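Let me begin by presenting the structure, written as structure tokens, before commenting on it.
First the proteins, then the strands, lettered A, B, ... as listed; each starts at 1. Owing to the predicted nature of the structure, the values given are computational and were not obtained by experimental measurement.
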Number of protein chains: 2
Amino acid sequence: MTARSTNTGEGSGAHDPHRDIPEATVARLPVYLRALTSLAERSIASCSSEELATAAGVNSAKLRKDLSYLGSYGTRGVGYDVDYLSYQIAREIGVTHDWPVIIVGIGNLGQALANFSGFSSRGFRTVALLDAATQMQGQEVAGLEVRPFADLARIVAAEQVSIGVISVPATAAQDVADAIVAAGITSILNFAPAVLSVPPGVDVRKVDLSIELQILAYHESRKAAESAEAAATVDNGSGEGITA
Amino acid sequence: MTARSTNTGEGSGAHDPHRDIPEATVARLPVYLRALTSLAERSIASCSSEELATAAGVNSAKLRKDLSYLGSYGTRGVGYDVDYLSYQIAREIGVTHDWPVIIVGIGNLGQALANFSGFSSRGFRTVALLDAATQMQGQEVAGLEVRPFADLARIVAAEQVSIGVISVPATAAQDVADAIVAAGITSILNFAPAVLSVPPGVDVRKVDLSIELQILAYHESRKAAESAEAAATVDNGSGEGITA
DNA sequence: CGGAGTTTGTGACCGCGAGAACAAACTCGC
DNA sequence: GCGAGTTTGTTCTCGCGGTCACAAACTCCG
């Protein structure tokens, strides 16, 4: 908004320093970052867009276009410097510093999330586990003590938490969402199979395991129907004399 | 293919019996199904597209368009019959019968998935848990004994399993994928942060927890930058908005 | 120093999907 | 039976996103 023409200060070679990155591109940047990390671990210092694209499982043209939104961080005729590009992507995403995260709902899934190493290794630090059930409180999970839900506001304020993970049953999800938004959370990762309504300015991303399976089931059904139909078509020639 | 005009037998009013449903619609059908189930539990027998749309968290026009791909299952001036529509969607997705599922990798996440009630309640039946680690084998998780990886082919064949869940570390994911595809699995839900390459005809859906968090982090960064900018514009002279 | 080869960055095009608006069809009341 | 009101199903339009293709720019080698 509000076309500020005063972009003189920023010395980087970016287009207009981080403005207007398409949502689809944002969703792929972490994939690129992971692919780059994997290359770096194999001591590969530089790579072409083609190599990086196959490592990330996307089209090379798409990758180049995505990266061009961040700026011109490649060298024509050469490729991309792995470390430099990694840093630029990390900076754009905002994972150069750690993000404190709270997890609400320490059931099976919540415990698995708390123990999940992929969170902490990617710039996310779980600062608190909360659960309403008194028998969970005080127990230690993944090196953290489970706290009562009443501590929510204090923890969020003290640790400057802006990201919360909801892994409670669907019936409690909306109440939890309301509470953590009131406490100051502005981004929610929701594992509960429920539609959350939140005030504007709060982002919600939903991960729904059973929906993913149902989508797979749909495609499986079609595969089965298709192969059955193909079989019928083949049979049709040998068994039946007349085609409609 | 092969325009079979003999759709006389089927009494339903579907367009052309299940052909060409857009992928975006397929991804929303499970959401509608869940919303309908929720309505049914509250003994609501019929609903308008507007009501169902808000329950599912989508636009009502989009919902009507989505449902129109399945056929004309509503009544103009009245709305949709909850039970009837539920059945039609379930039939389209293919969850009128149960799907056997195997879970490979019984770590923290795998155990949480095995215990997840949302799977079994939505037409999915976990028939086997597999793990390569010998110390896991024989242990009981969610009422199922953890089996060695060598049993894979026999179980898949015996139970006619076509859907597999991968919850192993990233380094092992591709090997596991190759193995379960070889055993006959044609749909994979992958929780490992790795790009899987599978032969054509095999569907893969990926759920990546740390990517979801990184997407949230990106938006948080922008929010922070934006509010800092707004503060700078308003204050402009008073002082500092945020400490670096 | 110049040409050949290579790789990035971007412009053009196309198709899917979202949303608004409207016609078709059903119910209710008289 | 018929008009008014309501709700579905569909058409139209617009914008985002994916892909192709090519110009710009860099390196290497003679």
Side-chain angles (χ1 to χ4, degrees), chain A residues 12-29 31-32 35-36 39 44-82 84-86 88-89 92 215, chain B residues 12-29 31-32 35-36 39 44-82 84-86 88-89 92 215 218-219:
Chain A
S12 83
H15 275 178
D16 261 333
H18 33 138
R19 284 290 164 218
D20 262 280
I21 295 186
E23 197 54 35
T25 296
V26 172
R28 281 187 295 266
L29 288 180
V31 182
Y32 303 153
L36 285 167
L39 290 177
I44 298 173
S46 135
C47 68
S48 70
S49 67
E50 195 70 46
E51 293 169 288
L52 184 54
T54 53
V58 301
N59 186 296
S60 72
K62 182 154 54 178
L63 177 132
R64 288 199 301 275
K65 198 178 227 181
D66 284 341
L67 294 184
S68 77
Y69 288 116
L70 313 189
S72 287
Y73 295 133
T75 309
R76 302 181 186 211
V78 179
Y80 299 93
D81 182 272
V82 171
Y84 182 56
L85 185 57
S86 288
Q88 293 299 341
I89 293 179
E92 190 66 42
I215 294 171
Chain B
S12 82
H15 273 180
D16 260 332
H18 32 137
R19 286 288 165 218
D20 263 279
I21 295 184
E23 196 55 34
T25 297
V26 171
R28 282 187 294 266
L29 289 180
V31 181
Y32 303 153
L36 285 167
L39 290 177
I44 298 173
S46 131
C47 67
S48 71
S49 67
E50 196 71 45
E51 293 169 289
L52 185 53
T54 54
V58 300
N59 186 296
S60 70
K62 182 153 56 177
L63 178 132
R64 289 200 300 275
K65 199 185 230 179
D66 284 341
L67 294 184
S68 77
Y69 288 116
L70 314 188
S72 287
Y73 295 133
T75 309
R76 300 179 186 211
V78 179
Y80 299 94
D81 182 272
V82 171
Y84 183 56
L85 185 57
S86 288
Q88 293 299 340
I89 294 179
E92 189 66 43
I215 295 171
Y218 169 79
H219 292 297

With the criterion being N/O to N/O and under 3.5 Å, what pairs connect the protein with nucleotides 25-30 of chain D, and how long is each?
unit_1	atom_1	unit_2	atom_2	d
dC26(D)	O4'	R76(A)	O	3.2

All N/O contacts under 3.5 Å from nucleotides 2-4 of chain C to the protein, with atom names and distances to one decimal?
none

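The two residues I215(B) and A27(A) come nearest to each other via the heavy atoms CD1-CA, 3.7 Å. Looking at every heavy atom in both residues, A56(A) comes nearest to Y32(A) through CB-CD2, 3.7 Å. Nearest approach of C47(B) to L36(B), heavy atoms of both residues: SG-CD2, 4.5 Å. Closest heavy-atom contact between Y69(B) and P22(B): CZ-CG, 3.6 Å. Minimum heavy-atom separation, I89(A) to L29(A): CG2-O, 3.8 Å. Across all non-hydrogen atoms, the minimal contact from Y84(B) to D81(B) is N-OD1, 2.9 Å.
Distance, Y69(A) OH to dT10(C) P: 10 Å, rounded to whole Å. Counting to the nearest Å, the C1' atom of dA21(C) and the CD atom of E50(B) are 14 Å from each other. Following rounding to the nearest Å, D81(B) (CG) and dT7(D) (C1') show an atom-to-atom distance of 15 Å. Y84(A) has its OH atom 15 Å from the C1' atom of dT8(C), to the nearest Å. The distance between atom CG of D66(A) and atom C1' of dC16(D), rounded to the nearest whole Å, is 13 Å. Rounded to a whole Å, the CG atom of L67(B) is 14 Å from the C1' atom of dT10(D). Rounded to a whole Å, the NZ atom of K62(A) is 17 Å from the P atom of dG15(C). The CG atom of L63(A) sits 16 Å away from the P atom of dG17(D) (whole-angstrom rounding).
Taking 4.5 Å as the limit, every side-chain heavy atom of Y80(A) sits out of range of all side-chain heavy atoms of E51(A). Residues L85(B) and L52(B) are in side-chain contact: their nearest non-hydrogen atoms beyond the backbone lie under 4.5 Å apart.
When the nucleotides dG9(C), dA18(C), dG9(D) are ranked by their closest atom to the side chain of S68(B), dG9(D) comes out on top. Closest approach to the A24(A) side chain among dG18(D), dG17(C), dA21(C) is made by dG18(D) (side chain taken as heavy atoms from C-beta onward).
The residue E23(B) sits close only to the backbone: its heavy atoms come under 4.0 Å of sugar-phosphate atoms, none of a base.
Each of D66(B), N59(B), L67(B) was compared with L63(B) under the side chain to side chain contact (heavy atoms under 4.5 Å, CB included) criterion, and only L67(B) meets it.
Mapping G79(B) and P22(A) onto DNA chain D via the closest heavy atom, the residue that lands nearer the 5' end is G79(B).
OP1 or OP2 of dG9(C) sits under 4.0 Å from a side-chain N or O of Y80(A). An OP1 or OP2 oxygen of dG17(C) is reached within less than 4.0 angstrom by no side-chain nitrogen or oxygen of N59(B). Side-chain N/O atoms of R64(B) include none lying less than 4.0 angstrom from OP1 or OP2 on dA20(C).
Direction change of the helix axis from one end of the helix from dC1(C)-dG30(D) to dC30(C)-dG1(D) to the other is 10°, with five pairs defining each end axis (rounded to 10°).
At a cut-off of 3.5 angstrom, counting only N and O atoms as typed in the model, there is no donor on one side facing an acceptor on the other between the side-chain of K65(A) and the base of dT10(C).
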